[in-house]
Each structure stands twice: as structure tokens, then as C-alpha cells.
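To keep things clear, I will list the structure first and then write my remarks on it.
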Amino acid sequence: MVTPANKIISIQSHVAHGYVGNKVAGFVLQCQYWDVDLLNTVNFSNHTGYGSFKGQATTGEQVLSLYEGLQDINVQYDAMLTGYIQGADGVEAMGKVCLDLKERTPGILWLLDPVMGDEGELYVSADVIPAYRRILSYKKVDIITPNQYEAELLVGFSINNPDDLSKALKVFHEDFNVMHVVISTFSFTKNKDFFYCVSSTKNSYKKPNFFKIPYMDSYFTGVGDLFSALLVDKMYRLPSGEPIEPAVSNALTIMEKVLDVTRRLCVDKLGVAVQGKIGDAETMKECELRIVECRQFYTMKDKNFNCETEILTDSQA
């Protein structure tokens, strides 16, 4: 017997070539048995890491117009996924869409990936930071997946030690009422052998969990978009009240396989390992995630990453 697929709306970027934003999310979610509606916040020829691109950003007015069209035909959703949006106008429009959907369907799951930058570099307009904070202040986001830099931008201070992390998680869980926080890349040290993914749930945020991840010396785009597209599915299917760590481990395990396949196919084609470099179109092309080639992984149940309850700080390393 065929069962209907769950429905999700994904609001993030689109590129004609390569795999970031909705170009990742659409296919990966469909492979996980989701009926996906894509609302594109930009339409670019390729992602900006190539050094050149063509295309336009979708205005906030256009985002709201597209959503109005969806409401005119009474489309309903089980989940929402939101990612890269270039400016505050678009972020605010996304917020209006998602808050309206929350009001129409209170049980709908909302994963917000506040894509703003990484490693101290902001690659969206600075005015998106207060726009995201305003959205969070409505206390309707269920899951947020910032990297460490994005988490720091949202809470307004650096996270350098366990006390800082505890304060940051308190802001997300108590001030913004986010049920689950997953900081996708995180470290207290400058260690280049590994980093961590942090998971935290509102009722136990004083005891976060850490997943140790080997550092890969290359630059792959779309990795965060892949992670959020995997995690929203795993979290949606997680039984109520169950800890989130198995879902996070499952998503990380699948990501590791995708990155391994991507790297191996680069070597097979060129004969050498390639390090993607910002602004270098040739290496960027070879380091595009092999999303289609990895289609068999997205529904796997393996959980190869174990969580820890403590990690080293610079003073302990």
C-alpha cells in the first residue's frame, strides 16, 4: 500500500549549477520521502564561492507574493526548512511566512538554519542579524542549526569556554524558547585535527552533548544545507520525548559518507586530492557535493558518531 509523503516547504537559495540551498534540500528531502515545495530566495548561476556569478535575489515582496499564491490553493505542510537569505528584507518576509504557517498549523515543525557566515566572516548583509533575532523573539522556532560564528552573532557574545556556551544555550532555549539547538561546527580550541557538533534540548541544556568530527582539509559548499535537510527529516520522525542525539548522529554519519564519496570522485577524476579554494572556479567545481551519486545514503539508519558530555578548552589542551 502506498502512503502519502509528508509535505515540507523549503525557503532558501537556488543555483543553476552545483549543490547549495534548495538544490541540495529538494533532492535530499525527496529521497527521504518528502513532497517538497521550494521557495527560492535567490536564483544564481552558481554559488558565490566561485568568485563570479549571475542572477538575482528574490525580494521580500516576491517571497510574500509566492506564499500568497500557495495559500490561494490551500497548500498545507508538516514541516518548514529555512536557510540562506541575502538581506533583512528577505529574512523578514521568510519570518512572516513561517509565523503564519505556525498559526495555521501549530504542530508544524520549523527548522531554522540562520546562514550568515563562518569563521568570523559574514557573507550576508549585516542587517539580517537583528532580523533573525526578531524572528526568534516570537518563540516559534523548534530547531536551530547555526555554526559557532552564527550562534555568537545571534546571542551577541563570543563563545570561548563552557560558561559562555551555557549562557548562549540559555539564550536560545529560555529567551527564544527554541526546543532543540544544534551548533553544527564548534570548538573551544584551535585544534585542526577535529571539531565538534553540539546538541542541546531545552529541558537539559545545562548538559549539552558533543560529537567529535575529524577535520577535513578542504572547502566544500552546501555541507550545512545538507545537514539541515537530513536533520529536519530525522527530527520529524523522532518519537516524542526521545533524545535528539541519535538523530544528530544519523545525520552526521550520512554527511560523512557524502563527503567521502565527493573527495574520492575528485581523486578518481583528477588523480590527486583537490582542496576547494574560495574564488577558484576550477577547484570549486570539483568540490561540489556529489548529491545525486549519494542518493542511497539518505535513508540509512547508521549512527557512527558517539556523543561526549565534555570537551577540551584551550587551557586544558
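I144 and F157 end up in the same hydrophobic cluster when Ile, Leu, Val, Met, Phe, Trp and Tyr side chains are linked at under 4.5 Å. Residues Y132 and L122 fall within the same hydrophobic cluster, defined by Ile, Leu, Val, Met, Phe, Trp and Tyr side chains chained together at heavy-atom separations under 4.5 Å. M255 and L265 end up in the same hydrophobic cluster when Ile, Leu, Val, Met, Phe, Trp and Tyr side chains are linked at under 4.5 Å.
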Set out, in order, the CA-CA distance, both residues' side-chain angles and the distance that settles side chain to side chain contact (heavy atoms under 4.5 Å, CB included) for M116 and I129, then state yes or no. CA-CA 8 Å; M116 293 184 286; I129 301 169; 3.9 Å; yes
Full working for side-chain hydrogen bond (donor to acceptor under 3.5 Å, both in side chains) between S45 and H17: CA-CA 6 Å; S45 56; H17 169 80; over 6 Å; no
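Annotation: the span from D118 atom CG to Y149 atom OH amounts to 9.5 Å, rounded to 0.5 Å. Here the straight-line distance linking atom CG of L39 with atom CG of L70 works out to 6.5 Å at 0.5 Å rounding. Put simply, OG1 on T262 and CZ on R290 are 6.5 Å apart, with the number rounded to the nearest 0.5 Å.
Inspection of the Y236 and N6 side chains reveals an N or O donor paired with an N or O acceptor under 3.5 Å. There is no side-chain donor-acceptor pair under 3.5 Å between E242 and S240. A donor-acceptor contact closer than 3.5 angstrom links the side chains of E245 and S199. Inspection of the Y205 and E174 side chains reveals an N or O donor paired with an N or O acceptor under 3.5 Å. Side-chain contact check for Q71 and R104: at least one donor-acceptor pair (N or O, by modelled atom type) lies under 3.5 Å.
Proximity of the aromatic rings of F194 and Y215 is defined here by a centroid distance below 6.0 angstrom, and this criterion is not met.
Between K167 and D163 there is no salt bridge, since no side-chain N of the basic residue sits under 4.0 Å from a carboxylate O of the acidic one. With respect to the salt-bridge test (charged N to carboxylate O, under 4.0 angstrom), the residues K212 and D193 do not qualify. In this structure, K7 does not pair ionically with D78, as no charged nitrogen and carboxylate oxygen lie closer than 4.0 Å. Between R264 and D260, at least one side-chain N (NZ, or NE/NH1/NH2) sits under 4.0 Å from a carboxylate O, which counts as a salt bridge. Using a cutoff of 4.0 Å between basic side-chain nitrogens and carboxylate oxygens, K140 and E103 are not scored as salt-bridged.
The backbone N or O of N304 lies less than 3.5 Å from no partner atom in the side chain of D302, so there is not a single donor-acceptor pair. In this structure, N250 contributes its side chain and M300 its backbone to a donor-acceptor pair below 3.5 Å. At least one donor-acceptor pair under 3.5 Å links the side chain of D164 to the backbone N or O of N160. Of the possible polar contacts, none joining the T309 side chain to the N209 backbone as a donor-acceptor pair under 3.5 Å is found. A donor-acceptor pair is defined here as one N or O able to donate and one able to accept, closer than 3.5 Å; no such pair exists between the side chain of D113 and the backbone of G83. In this structure, the side chain of E288 engages the main chain of Y19 through a donor-acceptor pair within 3.5 Å.
Few gaps surround OH on Y123; more than 12 heavy atoms of other groups in view lie less than 6.0 Å from it. Within 6.0 Å of NZ in K170 there are 12 or fewer heavy atoms belonging to other residues, nucleotides or ligands.
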Which donor-acceptor pairs under 3.5 Å do the side chains of residues 176-186 make with protein atoms, sequence neighbours left out?
unit_1	atom_1	unit_2	atom_2	d
N177	OD1	K202	NZ	2.2
H180	ND1	T201	OG1	3.2

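With respect to T145, the side chain to side chain contact (heavy atoms under 4.5 Å, CB included) criterion is satisfied by exactly one of V248, L81, L231: L231.
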